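Read through the structure below, which is laid out as structure tokens, and then see the notes.
A quick note: this is a predicted structure, and the numbers were derived from the prediction, not measured.
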Amino acid sequence: GTSFAVPNDESHPDFRTSFANSLISNAGVTGLPSATVNRNFFSEYSSGALALSTNQYRGATEKIIQESAYANIGYQSNFDSETGLLTVDVEVYYVENLPFGIESNFINIAIIESNIYGYQSNGGSNYNHKRVLRHFVTDTWGDEIEGMQAGDLISKQYTYTLNEEWIPENCELVVFLSETRKDIINGV
């Protein structure tokens, strides 16, 4: 990850994850803040990287929401507060065949947490950090599914025990379908 994720002392939140270096490398991040929009490449904004600067987010988002998706994805989750066990049931429905040359997709499940108060450079000592990536329930690049056609319904179940330091009420799931390590097809 970046040095911004490392706590300066015990009072600062620790935002390091085992996924950060792979995500940063895949996106081609060269400066912060930056982000990707659906992990898509936008030639009008970059000469090769997926990472965008803050003034490019809106244009990329407006472009991506115009596109149709060949698959729909949804999920239902259950959290057992006694054991800390999270169960996520995911369904993917294919409204179209996979595009030419694409043979598989990847189901991705990320846990994010908000309302983490702590130091932020230029934000003070009690800054409210929101939507912080805590963990991927799936592998960093997702769980591969193959051989889908229009009309297919894929159902998968995933389980994960939440870290005791996280506040479950402040956690959310981001569930999305991708092609390889780029190009998110749909998400919820």
Side-chain angles (χ1 to χ4, degrees), residues 1-27 29 31-40 50-54 56-58 60-61 64-65 69 72-92 106-143 155-178 181 184-188:
T2 70
S3 61
F4 292 115
V6 180
N8 290 339
D9 63 41
E10 292 179 13
S11 68
H12 296 184
D14 187 350
F15 294 130
R16 293 174 290 186
T17 72
S18 60
F19 311 102
N21 288 338
S22 295
L23 294 169
I24 288 168
S25 176
N26 185 65
V29 173
L32 296 174
S34 64
T36 67
V37 174
N38 280 27
R39 289 187 189 157
N40 283 46
L50 303 178
L52 303 171
S53 61
T54 55
Q56 299 168 330
Y57 299 169
R58 181 182 301 275
T61 300
I64 208 77
I65 62 174
N72 296 322
I73 189 166
Y75 76 90
Q76 184 171 356
S77 63
N78 182 54
F79 178 68
D80 185 332
S81 59
E82 301 264 329
T83 64
L85 184 67
L86 171 69
T87 303
V88 185
D89 293 300
V90 177
E91 287 189 348
V92 181
F106 296 83
I107 295 171
N108 299 260
I109 303 173
I111 299 172
I112 59 174
E113 185 178 6
S114 291
N115 303 320
I116 304 169
Y117 289 89
Y119 177 77
Q120 167 69 24
S121 180
N122 297 323
S125 60
N126 201 28
Y127 184 83
N128 184 2
H129 298 271
K130 298 181 180 181
R131 293 175 288 285
V132 174
L133 174 63
R134 288 304 203 179
H135 195 73
F136 276 102
V137 174
T138 55
D139 180 67
T140 305
W141 306 114
D143 180 25
S155 299
K156 302 272 276 187
Q157 185 175 78
Y158 303 88
T159 58
Y160 180 75
T161 302
L162 255 61
N163 184 313
E164 292 178 1
E165 294 179 15
W166 306 341
I167 300 172
E169 294 79 14
N170 292 343
C171 292
E172 296 176 87
L173 296 176
V174 179
V175 181
F176 58 96
L177 188 69
S178 65
R181 295 179 178 189
I184 295 173
I185 307 310
N186 214 338
V188 61

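A donor-acceptor pair is defined here as one N or O able to donate and one able to accept, closer than 3.5 Å; such a pair exists between the side chain of Thr61 and the backbone of Tyr57. The main-chain N or O of Leu177 is never found under 3.5 Å from a side-chain atom of Asn186 such that the two would form a donor-acceptor pair. With Thr83 contributing its side chain and Leu85 its backbone, the two residues share a donor-acceptor pair below 3.5 Å. The main-chain N or O of Tyr75 is never found under 3.5 Å from a side-chain atom of Glu91 such that the two would form a donor-acceptor pair.
Between Leu86 and Ser77, the closest heavy-atom pair is CD1-CB, 4.2 Å. Closest non-hydrogen pair, Glu113 versus Ile167, comes out as OE2-N, 3.0 Å. The two residues Thr87 and Thr159 have their closest heavy-atom pair at OG1-CG2, 3.8 Å.
Contact check for Asn26 versus Leu50: side-chain heavy atoms found under the 4.5 Å cut-off. Inter-residue side-chain proximity for Ser22 and Trp141 is flagged as met; some heavy-atom pair is nearer than 4.5 Å. Within the 4.5 Å cutoff, the side chain of Ile184 has no heavy atoms near those of the Phe106 side chain. Residues Pro168 and Leu162 have side chains in contact (heavy-atom distance under 4.5 Å, counting atoms from C-beta outward). Looking only at side-chain heavy atoms (C-beta outward), His135 and Asn163 stay at 4.5 Å or farther from each other. In this structure, Thr140 and Leu23 have side chains that are in contact, with non-hydrogen atoms separated by less than 4.5 Å. Residues Leu173 and Ile111 are in side-chain contact: their nearest non-hydrogen atoms beyond the backbone lie under 4.5 Å apart.
If you take NZ on Lys130 and CD on Glu172, they are separated by 11.0 Å, rounding to the nearest 0.5 Å. A distance of 11.5 Å separates CD1 in Ile116 from CZ in Arg131, rounded to the nearest 0.5 Å. Between atom CD of residue Glu169 and atom CG of residue Asn115 there is a gap of 11.0 Å, rounded to the nearest 0.5 Å. Between atom CG of residue Asn72 and atom CD1 of residue Ile185 there is a gap of 11.5 Å, rounded to the nearest 0.5 Å.
Between Trp166 and Tyr160, the ring-plane angle classifies as parallel under the 30° and 60° cut-offs.
For the residue pair Tyr158 and Asp143, a side-chain donor N or O sits within less than 3.5 Å of a side-chain acceptor on the partner. Judged purely by distance below 3.5 Å, without hydrogens or angles, the side chains of Asn170 and Ser114 never pair a donor atom with an acceptor atom.
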Review point. Where do Val175 and Ile73 land on the side-chain contact (heavy atoms from CB on, under 4.5 Å) test, with the steps shown first?
Key: CA-CA 8 Å; Val175 181; Ile73 189 166; 3.8 Å; yes
Point to revise | Chi angles and distances behind the side-chain contact (heavy atoms from CB on, under 4.5 Å) call for Ile109, Val174 | key: CA-CA 6 Å; Ile109 303 173; Val174 179; over 6 Å; no
**Study point:** Pair Thr36-Asn38, side-chain contact (heavy atoms from CB on, under 4.5 Å): steps then yes or no
**Key:** CA-CA 6 Å; Thr36 67; Asn38 280 27; over 6 Å; no
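Atom CD of Gln157 has more than 12 heavy atoms from other residues, nucleotides or ligands within 6.0 Å.
Within the 6.0 Å centre-distance limit, the rings of His129 and Phe15 are counted as a close aromatic pair.
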